[in-house]
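Computed from a predicted structure; not experimentally measured.
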Amino acid sequence: MVRFLLFAFLLVCISGFSSNEIDSLERILPKIEGKEKSEALNRLSFLYSELSFEKAYNYSKKANEYSNEINYPDGMIKSYINLGVAYHYQSNFKKAEENMLRALKLSRDNKIPYLEGRALNGLGVINKNLGQLDLALEYYQKALKIEMESGKEIGVATIQGNIGIIYSMRKMYDKAKEHHYLALEIQKKLNDENAIAQSYGNLGLTFMEEEKYKDALDLFEKALKIYTESNDNGGVTRALHNMGETYMFMGKYDLAYKYLNESFEKEIDLGNQSGAIVSLCTLANLFTRQEKYPQAISYLKNAIDMAEKIDAIYELEQAYNDLYQAYNESGDFKNALAAFIKSKELSDTIFNMESEQRMLELETIYETEKKDRELSLQKVELKNKNKDIERQKRENEIKQRENTIIYIVLILIGAFSVVLFIQIRAKMRANRLLKMKNEEILQQKEEIETQRDEIESQNDLLHEQKSHIETINKSLTDSIIYAKRIQTAVLPSENELKKSFPEHFVFYRPKDIVSGDFYWIREIEDKTVFAVADCTGHGVPGGFMSMLGISLLNEIVDRNRITSAPEILNRLREQVISSVGHSNINAQLGDGMDIVVCVIDRKTMNVEFSGANNSIYIVLSDETEHRIKEFLSDHSDAFTERISLISENNKSLIEIKGDKMPVGLHVNQNISFSPVSFNLTRGDSVYLSSDGFFDQFGGPDGRKYMQKRFKELLLAVNNRSMEERQNIIEKEFSDWSNTAKKTYEQTDDVLVVGFRLS
């Protein structure tokens, strides 16, 4: 939402200043020498950095030369930092970074930590404005460590605020507010008014991102009051911009334009090109919201030119994204697509994408759980075997006691000596068997433990494969979602449809992310050409075929000005075969699309229809028997079998079937598509559809919906408004697919279009 983030402090010692301080320093400058003069020159360079680049540059150079002359490293380092600040306000980030790097090297060579912290902080700000957020955060964290070790609270507060800005840009708002409040607590303790205003602004932007506009405005007004009282023009500019953007999101456009335009003029006066770019983009966004598209596009083109000159990648990406929105909402889809692709390319250089796909994740989890269950079963089996061993051990102990008693008895009773001998031998044999059994159980235990280790190793491998598969499939899913956005952009907009058919509806539900169904419309002179198509396949293959179909229809109708329905289909078939059949040895009969084309003469209300496997459905507004007979008698006997009629409750639906061949490779591909012409009157309703609706499985018996039931549905809803027709048709499809017994997966892409002539 928010593209304008407050500029972070470049120095940890920034505070309010006025022209009085500049005048005072310039008066005493000729009277001082040594380190005091070096510090005065550097302070003047910094104070002029946002007011006059020329003066800031000259004072920085003088400070550098004089500090070198008196061998004062602190002064030399500060001069490079101040020069970096001056170049930063000119949006010359390359020069700004060069001077900050010089300051960083000198501060490290001379072991001056507090200046090293300032240089690192400055590099963080520069890289933030270049869109290199990871590198900026790395510089800030290094600077924060130095400032905390030195115990300088103002430096800690400044860098906490800068880190908060990075998290805001990454949309991690709770983390951002945490750092801003830490900064604000220190700044209030030190009574640093300008730094407090900076934190108010940063917090206000975070609340604006969360759509808490009243809280945001309160914070911006507090910041504006402080900046105005301290004559900080840069701060005033930023506060005005933020207030203007907040009023824009609240829908108060007059107030928004007042504050945004005032902010833009101040940015130009200050020479702050980066801030001027952001103001142009926000003003363009304001015009887009008010549907003033030419003004919005003009502002955005100026912003893009400025951003390209200074290599401001973050602002450039936002400008192209806003340009895409303006073109798209104005109906210029060709330029919208070009702007969107450019925005996506720039966005991919800033942010890294992660990947996932739920289907393969479930499959991997299933395999893992299966292995876990097997391991659990083996553990249970081992536990049971151990119980058997214990039971056998107890039984053997009992037997041993019995044998001992028998042995004593046999000694006492000599007559039973033979029996005693037999018992002893039996005991020995049982022990041998027990030993063998124990050895067998121990061996099985070792085998089970080996299998368990192997299963755990396989589980680790499965988790690695799962992670890899997630990465690959999320990348694929993101690419397909991107393809859907492109496909949606080339379909007719609501404004285009409403222009030709004020009363209409479109029920469009792809089976997968992208669709093989599409609809298309053009107005050529006094004729409206409308088509509904069902391409072979669905998902990505169908999506590619639909994009090809739209592109070919654009060429046939727009470029060649063809308005004959059968001729459009003949030309379309030739080019489809040439594109996917002639050069593809794997092409099959039927590859292509089923399509309906109707050409409506808006003056005479004559309709010319031609179809490839698909039908057109008509419900007459005048349901008299004479009107229906007159409609049917207009056609020759050759087309009688292609026209069917169903009636219900004094209403009739006429179906005209298309030719039984597709637009693509077919045994009848050399036969021309045939036309059917008929006259309609105002109030008649026309319906076009792919086969996805009536091929859907569902209902109480899990069967297809079928075309007969579909026609009865169209007839039943015809006396309703277009919005009600669409709602009833969508509910019927949902109820058919989701029964009390079972939910049926969507079989194919679904597209139903209806309109009433007016």
Side-chain angles (χ1 to χ4, degrees), residues 328 333 336-337 340 344 355-360 473-494 496-497 504-521 530-554 576 580 590-596 612-614 662-664 687-698 704-705 707 710 713-714 723 725-738 743-755:
N328 188 55
F333 299 113
L337 181 59
F340 178 82
K344 183 65 171 59
S355 307
E356 66 176 348
Q357 185 184 36
R358 182 61 179 164
M359 186 184 297
L360 290 179
N473 285 286
K474 182 58 169 62
S475 178
L476 291 173
T477 301
D478 288 346
S479 298
I480 294 171
I481 291 172
Y482 179 40
K484 177 186 178 181
R485 295 174 71 178
I486 296 174
Q487 185 184 49
T488 302
V490 300
L491 289 173
S493 68
E494 180 67 15
E496 286 182 279
L497 291 172
H504 73 275
F505 74 85
V506 177
F507 175 32
Y508 182 53
R509 182 176 292 180
K511 179 183 185 296
D512 300 311
I513 297 173
V514 291
S515 175
D517 290 359
F518 70 88
Y519 51 100
W520 182 90
I521 191 169
F530 191 73
V532 167
D534 181 358
C535 299
T536 302
H538 48 74
V540 174
F544 276 116
M545 184 62 74
S546 70
M547 294 296 287
L548 174 64
I550 291 170
S551 176
L552 294 178
L553 284 172
N554 290 341
V576 167
V580 302
D591 283 352
M593 63 190 74
D594 298 336
I595 185 171
V596 175
N613 284 331
N614 282 359
V663 170
Y687 301 93
L688 307 174
S689 172
S690 66
D691 61 4
F693 195 112
F694 43 81
D695 279 351
Q696 176 63 34
F697 286 96
K704 287 187 178 181
Y705 192 82
Q707 192 176 16
F710 177 69
L713 174 64
L714 294 181
E723 182 179 358
R725 295 185 201 184
Q726 180 175 350
N727 291 337
I728 293 171
I729 289 172
E730 288 186 5
K731 185 176 185 303
E732 177 73 5
F733 183 83
S734 178
D735 292 346
W736 183 260
S737 305
N738 300 278
T743 297
Y744 293 86
E745 182 181 356
Q746 186 171 331
T747 307
D748 196 1
D749 299 320
V750 176
L751 175 58
V752 181
V753 180
F755 57 87

(request) Indicate yes or no: at least one non-hydrogen side-chain atom of Leu751 is less than 4.5 angstrom from one of Val506. (result) yes
(message) Within this structure, what is the NZ-CG distance for the pair Lys484 and Asp512, rounded to the nearest 0.5 Å?
(response) 11.0 Å
(message) Is it true that, when you exclude Glu494 itself, more than 12 heavy atoms of the residues, nucleotides or ligands shown sit nearer than 6.0 Å to its CD?
(response) yes
(request) Answer yes or no: is there a side-chain heavy-atom contact under 4.5 Å between Phe530 and His504? (result) no
(message) When you compare the side chain of Asp534 with that of Asp749, does any pair of heavy atoms fall below 4.5 Å?
(response) no
(request) Check whether more than 12 heavy atoms from other residues, nucleotides or ligands sit under 6.0 Å from atom CZ of Phe544, and answer yes or no. (result) no
(request) To the nearest 0.5 Å, tell me how far Tyr519 OH sits from Leu688 CG. (result) 13.0 Å
(message) Go through it in stages, so that I can follow the logic: the residues are Arg725 and Tyr687, the test is side chain to side chain contact (heavy atoms under 4.5 Å, CB included), and I'd like the CA-CA distance, side-chain angles, deciding distance and then a yes or no.
(response) CA-CA 11 Å; Arg725 295 185 201 184; Tyr687 301 93; 2.7 Å; yes
(message) Measuring only between side-chain heavy atoms, which start at C-beta, is Val750 closer than 4.5 Å to Gln696?
(response) no
(request) Of all the heavy-atom pairs spanning Ala533 and Met593, show the shortest one and how long it is. (result) CB-SD, 4.3 Å
(message) For a 4.5 angstrom cut-off between non-hydrogen side-chain atoms, does Asp517 reach Val532?
(response) no
(message) Tell me the closest heavy-atom pair linking Asn613 and Pro662, and the distance in Å.
(response) ND2-N, 3.5 Å
(message) If you compare all heavy atoms of Leu553 against all heavy atoms of Ala531, which two are closest, and at what distance to 0.1 Å?
(response) CD1-CB, 4.4 Å
(message) Looking at Ser734 and Lys731, would you say the former's side chain and the latter's main chain have a donor-acceptor pair under 3.5 Å?
(response) no
(message) Measuring from atom CG of Leu548 to atom SG of Cys535, what distance do you get when rounded to the nearest 0.5 angstrom?
(response) 8.0 Å
(request) State, yes or no, whether a side-chain contact exists between Asp695 and Tyr705 at a heavy-atom distance under 4.5 Å. (result) no
(message) Using 0.5 Å steps for rounding, measure from the CZ atom of Phe693 to the CD atom of Glu730.
(response) 9.5 Å
(request) Mind checking the CG-CZ spacing from Asp748 to Phe697? Nearest 0.5 Å is all I need. (result) 11.0 Å
(request) Answer whether the closest heavy-atom distance between the side chains of Trp520 and Val490 falls below 4.5 Å. (result) no
(request) Work out which heavy atom in Leu713 is nearest to a heavy atom in Ile729; give both atom names and the distance. (result) CD2-CG1, 4.2 Å
(request) Would you mind reporting whether Lys704 and Thr747 have side-chain heavy atoms less than 4.5 Å apart? (result) no
(request) Go through the steps to decide whether Phe333 and Glu496 satisfy the test side chain to side chain contact (heavy atoms under 4.5 Å, CB included), and finish with yes or no. (result) CA-CA 12 Å; Phe333 299 113; Glu496 286 182 279; 3.3 Å; yes
(request) Only one of Phe694, Phe733, Phe710 passes side chain to side chain contact (heavy atoms under 4.5 Å, CB included) with Val752; say which it is. (result) Phe710
(request) Mind listing the closest non-hydrogen atom pair of Gly592 and Val576 along with its distance? (result) CA-CG1, 4.2 Å
(request) Rounded to the nearest 0.5 Å, what's the gap from CZ on Arg509 to OG on Ser515? Could you check? (result) 12.5 Å
